[in-house]
2 protein chains.
Amino acid sequence: MKPKITLKDIARELEVSISTVSKALKNSEEISRDTKEKVQAFAKLYNYKPNNIAISLKNKRTKNIGVVIPDIVHHFFTTVIRGIEKYANAKGYNVIVCLSEESFDKEVINMEMLANGSIDGFIMSLSSETQQKGDFNHLKEVTDQGIPVVLFDRITNEIDCDKVIIDDELGAYMATKKFIEQGKKNIAMITTDDYLSVSKARTQGYLKALKESKLGVDESKILKMPTMEMDEQGIKDFFDSHELDAVLCVNEIFAVYSMRLAQQKGLRIPEDIAFIGFTDGLLSKYANPSLTVVSQHGEKMGEVSAKLLIDKVESEEEEETYQTKILEPTLVIRDSIFH
Amino acid sequence: MKPKITLKDIARELEVSISTVSKALKNSEEISRDTKEKVQAFAKLYNYKPNNIAISLKNKRTKNIGVVIPDIVHHFFTTVIRGIEKYANAKGYNVIVCLSEESFDKEVINMEMLANGSIDGFIMSLSSETQQKGDFNHLKEVTDQGIPVVLFDRITNEIDCDKVIIDDELGAYMATKKFIEQGKKNIAMITTDDYLSVSKARTQGYLKALKESKLGVDESKILKMPTMEMDEQGIKDFFDSHELDAVLCVNEIFAVYSMRLAQQKGLRIPEDIAFIGFTDGLLSKYANPSLTVVSQHGEKMGEVSAKLLIDKVESEEEEETYQTKILEPTLVIRDSIFH
DNA sequence: AAGTATTGCGAAAACGGTTTCGTGTTGATA
DNA sequence: TATCAACACGAAACCGTTTTCGCAATACTT
């Protein structure tokens, strides 16, 4: 058990002042060759490492980024974290992860915990409860204090800050168009209620593609699930009451789950009914048949978010200009549709 | 933009000393009713919150936990993180997540970044490269400095610290026994090389069950994958060269992937060939057929790890006693075996 | 030899809190 | 009226750095 050594310890041992030690370790011009070598050798010998906390206090920079997300077991969020980690780590930043578990209160508590000096900025995606409530005061407080915030994926227009999203509307549009091109006539959509910003946008893309086509819109072909929980009967009824030949799902879980129910009904995929989901996760890759998806490029999203945040953190000027980066989704073709 | 207010600011405004403000906010007996009320009202009005960094520096406690794991996109690890988060948050701790990406160097760098005051303790699972190399000096250094460490899942005996694992051997034993009970005769195992502590233990459980039975061991029925990458041809050849009716896989990805290859060969699951995997993730749940797995109870593991760590961090005495908690795995029966 | 630069280093303030100890004021006691 | 607690507060040290500024001692001018 060898306790950490401090500047003071080195100073005492070498009979110089703390300031001298500090400067010597920074290779300052002020200090003579001799002294520098002596100090540096001693420091290396005893494996001196400066105390991060003291440094943080001094320059009011923690080199920590707070990431607040609704759920970590969701594949998309883990890929975003990975992207954030990657970029942040390369820049010498650590990532503090907090989970809101889709709860407004937890989101608020987590932000308050971190906002008192623990972090230099936030990267977040709003909890569904927050989006439903439409209460963003906790975000406002943080930005008012001059703490930079980057919102990704689940965002709000009520807060002025940098944002990163994919073009959800375009993704849904592309997917729907693909169905249409392949001759599908009865294209359904399975989504959540509109309170999630992404669900809303995706539904719009779906509608847009249908409106542009000769098929037209049939609102009854949109199934809105009230929660993220899987409602087996609801989906079965939906399938029974419509003659569908294609389904666009707002996430991969809905898609894979629905595929199974369709298969149980004796339908062949993609001949009788084709599927496209959102989120390019493990599930899509290993599903049977493998699922065609609109990839959201989570890792990229994380990197871009981290870059935006760190740029803001490290910029001297307090420019009050914010940007919204819109990433292009791509279609990853797999066996749940015709190739 | 309202900047953070400090004790000094309050003291100046109220024309009292900083110490008085500090004590008043802590409701100290020393301070008069009047002054306390005045100070507290002022603090509330201006939304004073103490600076975490200053407090950390003072009492040498950060209330941060460092979590270093090989991979975050792996479902098991995300559930562990969720468990850690849950317990840690309830205790007022934040979780700093670092990814080693299975690399020894990254693991070392991450630990060094955090070990200089940023965290009160580590919870980690070793990268595969670290387990292969058998070099644990970075862990030794940290424990030597008196920083508590808890290892989970991928552990080593070379470091004295608290550990949390599931009984991997028992899990594999249970699974294999299940196959035997159901009359399976040719039970294979698909695993990684033995350098991963968990793979080794699981293989042993598999062997133990077979030895106890009349079936006996056939080493050629163990397929060892050199990496985590899926080797389609390797698995196909394995299936072609053996008459198998059951396969135990060391994780769910191997299992789901192998199931698909088996199905492509025209085999029915579970009638012709049954599958059991490890890790109770999304993949198992939504696979077709859904996969029977040995559940590792990741969330529980995270909670237990966090509890062990925080207990140690907050205990005054430096007891040098370490415990290893062994969690019981359970079999989650799904459609890839007979019910 | 006197004055000026240069070099090398240390004292001290600052970051934002906590905490120990000391002290002036008050009221009660003898 | 002198003595002493109790009360209410402030000064200052401390946590481990960084950084400014001042000041010796030496070297360089003329």
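Here the structure is a predicted model, which means the values were calculated and not measured. First the proteins, then the strands, lettered A, B, ... as listed; each starts at 1.
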Asks: Among residues at least two apart in sequence or on other chains, which ones pass side-chain contact (heavy atoms from CB on, under 4.5 Å) with B/Thr79?
Replies: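 B/Thr79: side-chain contact (heavy atoms from CB on, under 4.5 Å) contacts with A/Val73, B/His75, B/Phe76.
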Asks: Taking OP1 and OP2 of D/dC9, is either one under 4.0 Å from a side-chain nitrogen or oxygen of B/Lys23?
Replies: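 False: B/Lys23 side-chain N/O out of range (4.0 Å or more) of D/dC9 OP1/OP2.
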Asks: Check every strand shown and say whether B/Ser19 touches a base, only sugar-phosphate, or nothing at a heavy-atom separation below 4.0 Å.
Replies: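 Since a base atom lies under 4.0 Å of B/Ser19, the category is base.
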Asks: Classify B/Thr6 by what it touches in the nucleic acid, base, sugar-phosphate, or nothing, heavy-atom distance under 4.0 Å.
Replies: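 The residue B/Thr6 makes sugar-phosphate contact but no base contact.
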Asks: Between B/Ile55 and A/Ile31, which is nearer to the 5' end of DNA chain C once each is assigned its nearest nucleotide?
Replies: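 Nearer the 5' end of the strand: A/Ile31.
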Asks: What residues form a side-chain contact (heavy atoms from CB on, under 4.5 Å) with B/Leu25, not counting sequence neighbours?
Replies: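 With sequence neighbours excluded, B/Leu25 shows a side-chain contact (heavy atoms from CB on, under 4.5 Å) to B/Leu7, B/Val21, B/Val39, B/Gln40, B/Ala43, B/Tyr48, given in chain and number order.
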Asks: Describe the nucleic acid contact of B/Ser32 in one word from base, sugar-phosphate, nothing, applying a heavy-atom distance below 4.0 Å.
Replies: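 It contacts sugar-phosphate atoms only.
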Asks: Under the 3.5 Å rule, do the base of D/dT17 and the side chain of A/Lys58 count as making a donor-acceptor pair?
Replies: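 Result: no qualifying N/O pair found.
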Asks: Testing the 3.5 Å rule here: is there a donor-acceptor pair between the side chains of B/Ser103 and B/Ser100?
Replies: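 Distance-only check fails for B/Ser103 and B/Ser100.
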Asks: Please check if any side-chain donor atom of A/His138 sits under 3.5 Å from a side-chain acceptor atom of A/Glu112, or the reverse.
Replies: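 Distance-only check fails for A/His138 and A/Glu112.
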Asks: Quick one: is D/dT17 close enough that its OP1 or OP2 comes under 4.0 Å of any side-chain N or O from A/Tyr48?
Replies: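 So the side chain of A/Tyr48 is within the cut-off, an N or O lying under 4.0 Å from OP1 or OP2 of D/dT17.
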Asks: I need the CD1-C1' distance between A/Ile53 and C/dT18, as an integer number of Å.
Replies: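 That distance rounds to 16 Å.
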Asks: It should be established whether A/Ser17 places a side-chain nitrogen or oxygen under 4.0 Å from OP1 or OP2 of nucleotide C/dG10.
Replies: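 For A/Ser17, the contact criterion (side-chain N or O under 4.0 Å from OP1 or OP2 of C/dG10) is met.
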Asks: Does the pair A/Asp311/A/Lys307 count as a salt bridge with the N-to-O cut at 4.0 Å?
Replies: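 Yes, charged N to carboxylate O under 4.0 Å.
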Asks: Taking the minimum atom-to-atom distance to the side chain of A/Val16, which one of C/dG10, C/dC15, D/dC9 wins?
Replies: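 The listed nucleotide nearest to A/Val16's side chain is C/dG10.
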Asks: Here's a test of your reading of the structure: between B/Val21 and A/Asn51, which maps to the more 5' nucleotide of DNA chain D?
Replies: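 Nearest-nucleotide comparison on DNA chain D picks B/Val21.
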Asks: Taking any heavy-atom pair under 4.0 Å as a contact, classify B/Lys60: base, sugar-phosphate, or nothing.
Replies: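 Touches sugar-phosphate only.
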Asks: Starting at the 5' end of DNA chain C and moving along, which residue's nearest nucleotide shows up first, B/Asn59 or B/Glu30?
Replies: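 Mapping each residue to its closest nucleotide by heavy atoms, the 5'-most match is B/Asn59.
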Asks: With a non-hydrogen cut-off below 4.0 angstrom, is A/Lys8 in contact with a base, only sugar-phosphate, or nothing?
Replies: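 Answer is sugar-phosphate: A/Lys8 comes under 4.0 Å of backbone atoms only.
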Asks: Within the pair A/Thr35 and C/dC9, is there a side-chain N or O less than 4.0 Å away from OP1 or OP2?
Replies: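 It does, given that an N or O in the side chain of A/Thr35 lies less than 4.0 Å from OP1 or OP2 of C/dC9.
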